[in-house]
Amino acid sequence: MTQQQDLNTVATVSAPDFWPEALAIIQSAPIGLLATSHGRQPHVRPVVPAYVGLRAYVLTSSGSPKTHQVEGNELVELLHWTSDFRHLNLSGSAEVTEDTDEIAEAAPHFPYTVDDFFGPDIRAPAMIKITIQRVSITTFNDIIADKRPRIWRASD
């Protein structure tokens with residue numbers, strides 16, 4: 001399977017019925033918080049992921065703490081939080097790739113130019129691919145009304 005076929009396959013996976021709202025949250029709050037862990041210690045850092053279907057992509061450099069943490073524990077979570085207190089949690093499993101063709105396939109989906117991200121002074125590019133397995137949306141109004149978050153889980 002080519003990378004383009006892989007991107008197309010991921011894009012057709014059954015998404016939650018509230019996925020358009022999730023994408024609106026991502027668009028209004030493109031900086032997400034990526035949670036990884038090392039041993040028992042969690043790590044959270046800002047990232048600007050690209051989304052294709054139910055897969056998120058995060059650019060980084062090879063050998064970064066993020067790549068080491070993902071290689072040690074594939075379970076990650078992304079959080080996007082808007083100024084009107086809507087938040088979107090995306091949980092899934094991640095893997096690291098340094099395949100330049102695969103990075104090039106994902107590049108058009110980032111909200112910035114990938115070539116600008118990887119300048120001449122940065123270490124070799126790497127990308128974290130996250131297959132989203134759980135999506136939840138909570139709003140401030142939902143919390144006040146004591147409503148539960150809307151949750152979607154990938155079917156097994």
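Residues Ile130 and Leu78 meet the side-chain proximity criterion, which asks for heavy atoms closer than 4.5 Å. At a threshold of 4.5 Å between non-hydrogen side-chain atoms, the residues Leu54 and Pro16 count as touching. Within the 4.5 Å cutoff, no side-chain heavy atoms of Thr139 are placed close to those of Phe85. Taking the side chain as every heavy atom from C-beta outward, Ile132 and Tyr51 approach each other to under 4.5 Å.
Pro149 and Thr138 make their closest contact through CB-OG1, 3.2 Å (heavy atoms, listed as atom of the first residue, atom of the second, distance). The two residues Glu105 and His109 make their nearest non-hydrogen contact at O-CD2, 3.8 Å. Taking every heavy atom of both residues into account, Leu59 and Phe110 meet most closely at CG-CZ, 3.6 Å. Glu77 and Asn89 make their closest contact through OE2-ND2, 2.9 Å (heavy atoms, listed as atom of the first residue, atom of the second, distance).
Put simply, the side chain of His80 gets close to the backbone of Ala29: a donor and an acceptor are under 3.5 Å apart.
In this structure Ala22 satisfies the side-chain contact (heavy atoms from CB on, under 4.5 Å) test together with Trp19, Leu88, Ile137, sequence neighbours excluded. A search for side-chain hydrogen bond (donor to acceptor under 3.5 Å, both in side chains) contacts involving Ser136 returns nothing, not counting sequence neighbours. For Gln133, the side-chain hydrogen bond (donor to acceptor under 3.5 Å, both in side chains) test picks out Ser93, with sequence neighbours left out. Contacts of Thr67 classified as side-chain hydrogen bond (donor to acceptor under 3.5 Å, both in side chains), with partners at least two apart in sequence or in another chain: none. The salt bridge (charged side-chain N to carboxylate O under 4.0 Å, His left out) search around Glu95 returns Lys129, not counting sequence neighbours. In terms of the side-chain contact (heavy atoms from CB on, under 4.5 Å) criterion, residue partners of Glu98 (sequence neighbours excluded) are, by chain and number, Ser62, Ala126. With sequence neighbours excluded, the residues that form a side-chain hydrogen bond (donor to acceptor under 3.5 Å, both in side chains) with Thr97 are Glu102.
Between atom CH2 of residue Trp81 and atom CD1 of residue Ile25 there is a gap of 10.5 Å, rounded to the nearest 0.5 Å. Atom CG of Leu79 and atom CG of Leu34 lie 10.5 Å apart (nearest 0.5 Å). Remark: Lys66 NZ to Thr60 OG1 distance equals 3.5 Å, nearest 0.5 Å.
Listed by first and then second residue, the salt bridge (Lys or Arg N to Asp or Glu O under 4.0 Å) pairs that reach into residues 81-92 are Asp84-Arg86, sequence neighbours excluded. The salt bridge (Lys or Arg N to Asp or Glu O under 4.0 Å) contacts involving residues 132-154 comprise Glu21-Arg150, where partners must be two or more places apart or lie in separate chains.
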Indicate every side-chain donor-acceptor pair of residues 40-49 with a distance under 3.5 Å to a residue at least two apart or in another chain.
unit_1: Arg45; atom_1: NH1; unit_2: Thr36; atom_2: OG1; d: 2.8
unit_1: Arg45; atom_1: NH1; unit_2: Gln69; atom_2: OE1; d: 3.1
unit_1: Arg45; atom_1: NH2; unit_2: Gln69; atom_2: OE1; d: 3.2

Given side-chain contact (heavy atoms from CB on, under 4.5 Å), test Tyr57 with Val52 step by step and report yes or no.
-> CA-CA 8 Å; Tyr57 299 92; Val52 178; 3.9 Å; yes
Under the ring pair (Phe, Tyr, Trp, His ring centres under 6.0 Å) criterion, do His87 and Phe140 qualify, and how do the steps go?
-> CA-CA 9 Å; His87 68 269; Phe140 183 71; over 10 Å; no
Verdict with supporting geometry, Val135 and Phe18, side-chain contact (heavy atoms from CB on, under 4.5 Å) = CA-CA 9 Å; Val135 179; Phe18 55 84; 3.6 Å; yes
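In Ile31, the CD1 atom is not crowded: 12 or fewer heavy atoms of neighbouring residues, nucleotides or ligands sit closer than 6.0 Å. Annotation: Glu71, atom CD; neighbour count of heavy atoms from other residues, nucleotides and ligands within 6.0 Å is above 12.
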